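Each chain gets a letter, A, B and so on, in the order the sequences are listed, and its residues count up from 1. All figures in this text were calculated on a predicted structure; none of them were measured in a lab.
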Amino acid sequence: MRELLIIAVVSALVNNVVLSQFLGLCPFLGVSKKVKTAAGMGAAVIFVITLASAVAALIDRYVLAPNGLTYLETIVFILVIAALVQFVEMVLKKFMPALYQALGVYLPLITTNCAVLGVALTNVQKSYSVLTSVVNGFATAAGFTIAIVILAGIREKMEYNDVPESFKGMPITMIAAGLMAIAFCGFSGLL
Amino acid sequence: MNKALERLYNGLIKENPTLVLTLGMCPTLAVTTSAMNGAGMGLSTTVVLVLSNAFISLLRKIIPNKVRIPAFIVIIASFVTVVQLLLQGYVPSVYDSLGIYIPLIVVNCIILGRAESYAYSNPVIPSLFDGLGMGLGFTAALTVIGACRELLGAGQIFGVQLLGPDNIFYQVNGLKPLAMMLAGYVNISIFVMAPGAFFVLASIIALMNRIKRNAAKKGKIKEETAKRAAGCQSDCTHCGDTGCGHRFYDPNDSDKKKDKEGQEDA
């Protein structure tokens, strides 16, 4: 239990997926204009990454590893993730239309989010058990949500600021993200 | 041959994937702690890009239109695995320093983007050179970013000490004054850490923006026309241009934006 908690804190804060590992930057920079949409994206990412890391861990443990096919990890995982996102989309549309409405366009966008594949591969590389993988996946996604919501908050405030012409848009967002990354470096003293 | 050269120029300068199209940001920021790492990542991506472009172009008449994206992904993932195993076998030092970012070449949007927008509809030789041009453009950008970070953060470029107490100029006859001047440099170690990546890339993109704006002022490019020509349809949800400052994901809002623009046009 203690170990799981440590893994969760490390993945969510110390090794934050966007600010120190640079995974999932496209949605992080693209969908962070408003706190509301950012939170929606965060929820979708938590949902998909937790599910994907469970499925990937199961496949790796019970299909790939016993047959000595671990070199196929990359191919299998990316296909599994793409299929999973499609499947989740269909299931949600059929059985939970409210949630489907809420997640909206973010679901299909997640397939191209490298954080999903990144987490699945990290879990395998560190040879986590299935339970640990799920916890790690959830914590990583939670870290993503924390970061994107904070950045969206900053960008909402920044709308009213006088930004130099050349820095408008992407550059100033990256500077803000850089400052956040400095703040998140502080968490490394946590453990 | 002309076509091939044109593709190379296009990838390296005109449509540089990192600096102009701002695609593939994750590896750009993650592995550029040194010029060497940047170059290693860039070259691995180039190899995958050239092979996948050539292969997809070869199979373009066989792959059915409806399942093309999964087919592309499988082809790309296979080549990535090949490159990964080769690196692991022959250059383990690069393999160790790039780590998880090698398998993640699969999700680099440059590769899928070129497959979809060029290789699937063009013959083999131009596709091959398109991949080479784009790959080298990516490599050049990554190496430059890596060099900036390495120079500011560790006083080195490609591992050669240029700044700081024991810099290389001490060993060159007649450059002692210069060496003594540079010896006073103190490493700004934040540039080799995560935040530095954001700062360097932000500055480089701002610089590119400035150059573009000046060109637009001189009447070389009209920004709006350039955007339209690049295919901006105010549909940010399906747009690959992640560097676009007006990017918007909220479907309702982007519809509103479209309506508004429609009214303005009318």
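- By the 4.5 Å heavy-atom criterion applied to side chains, A/Ile175 and B/Phe198 are not counted as neighbours.
- With a threshold of 4.5 angstrom between heavy atoms, A/Glu73 does not approach chain B through any atom at all.
- When A/Gly178, A/Ala177, A/Cys185, A/Ala181 are compared by the number of non-hydrogen pairs under 4.5 Å with chain B, A/Gly178 comes out ahead.
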Stepwise, does the side-chain contact (heavy atoms from CB on, under 4.5 Å) test hold for B/Met25 with A/Met174?
-> CA-CA 11 Å; B/Met25 283 294 109; A/Met174 277 187 192; 4.2 Å; yes

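- Interface check for chain B: of the options A/Thr74, A/Ile75, A/Leu121, A/Leu79, the most heavy-atom pairs under 4.5 Å are formed by A/Ile75.
- A distance of 12.0 Å separates SG in A/Cys114 from CD1 in B/Ile105, rounded to the nearest 0.5 Å.
- Taking 4.5 Å as the limit, some side-chain heavy atom of A/Leu23 sits within range of a side-chain heavy atom of B/Tyr101.
- Across A/Thr122, A/Ile172, A/Ile182, the residue that shares the most heavy-atom pairs under 4.5 angstrom with chain B is A/Ile182.
- Using a 4.5 Å cut-off between heavy atoms, B/Thr81 contacts chain A through its side chain alone, with no backbone atom that close.
- Atom CG of B/Leu201 is separated from atom CZ of A/Phe22 by 10.0 Å, given to the nearest 0.5 angstrom.
- B/Phe55 CZ: 12 or fewer foreign heavy atoms inside a 6.0 Å radius.
- Only the side chain of B/Ile190 comes within contact range of chain A, with heavy atoms under 4.5 Å apart.
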**Message:** Under the criterion side-chain contact (heavy atoms from CB on, under 4.5 Å), I'd like the reasoning laid out for A/Phe167 against B/Ile205: C-alpha separation, chi angles, the key distance, then a yes or no.
**Reply:** CA-CA 8 Å; A/Phe167 275 89; B/Ile205 294 180; over 6 Å; no

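- Of the atoms belonging to B/Met193, it is side-chain heavy atoms, and not backbone ones, that fall under 4.5 Å from chain A.
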